[in-house]
Structure formats: C-alpha cells, structure tokens
Amino acid sequence: MLANAGGSMTRADLAMKIAEQPELAEALKDGRGLASLLSNMRHSGEIALEGDLVSLTGRAIRRIAKRNLNHEE
C-alpha cells in the first residue's frame with residue numbers, strides 16, 4: 001500500500017485503505033491493531049513515523065524492489 005502511494009501516506013489514509021480490504025482489516029482485528037503494527041514495523045526498520053506521516057524506509061524500498069525484480073524473472 002505504501003509503495004503504491006509513492007512511499008508515504010498519513011495514518012488516517014493508511015487506516016482507510018486497510019479498511020477497504022476485508023482480509024487486512026480482519027487480520028488487524030485479530031492482532032493488536034494498526035498502532036501495534038506500525039510500532040513493530042518501525043522497530044524493524046521498515047517504516048519511519050514522522051508525526052502523522054508513515055513512510056517506507058530506504059531499506060524497505062530496496063527490499064520491495066528486489067522482490068519485484070525476482071518475481072519478474
């Protein structure tokens with residue numbers, strides 16, 4: 001989702017996009033919710049949180065690019 005949005009979006013926009021996809025919304029209900037997910041992703045180095053903005057880190061962008069390249073082969 002973040003990659004498709006140019007690498008960043010607000011928490012509210014991210015929550016809205018997740019709510020539009022029932023399987024993702026259900027997975028968040030089963031877990032500890034969006035705040036916990038974002039916290040875990042920040043600690044793992046996948047995203048940066050700047051106020052209300054959620055952004056992919058360079059590390060995550062490189063990982064996604066590598067995964068997409070491998071799927072093309």
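Side chains included, hydrogens not; waters and symmetry mates left out as well; all remaining heavy atoms used. Each residue takes its place number in the sequence, starting with 1. Quick caveat, the model's predicted, so the values are computed rather than measured.
- Counting only heavy atoms from C-beta outward, the side chains of M16 and D13 approach each other to under 4.5 Å.
- Rounded to the nearest 0.5 angstrom, H43 NE2 and L38 CG are separated by 11.0 Å.
- Remark: L14 CG to L37 CG distance equals 8.0 Å, nearest 0.5 Å.
- Nearest heavy-atom pair across T57 and A48 is CG2-N, 3.9 Å.
- In this structure, CD1 on I64 lies 11.5 Å from CZ on R59, to the nearest 0.5 angstrom.
- Remark: of the listed residues L24, L28, D30, D30 is the sole one forming a side-chain contact (heavy atoms from CB on, under 4.5 Å) with E26.
- Considering all non-hydrogen atoms of both residues, A25 and A19 come closest at CB-CA, 4.3 Å.
- Atom CE of M41 is separated from atom CG of L56 by 7.0 Å, given to the nearest 0.5 angstrom.
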The test is side chain to side chain contact (heavy atoms under 4.5 Å, CB included); show your working for M9 and L2 and say whether it passes. CA-CA 7 Å; M9 65 175 54; L2 286 172; 3.5 Å; yes

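- Under the 4.5 Å side-chain criterion, counting only non-hydrogen atoms from C-beta, V54 is in contact with L49.
- Here the CZ-CG distance, from R11 to D52, works out to 6.5 Å after rounding to the nearest 0.5 Å.
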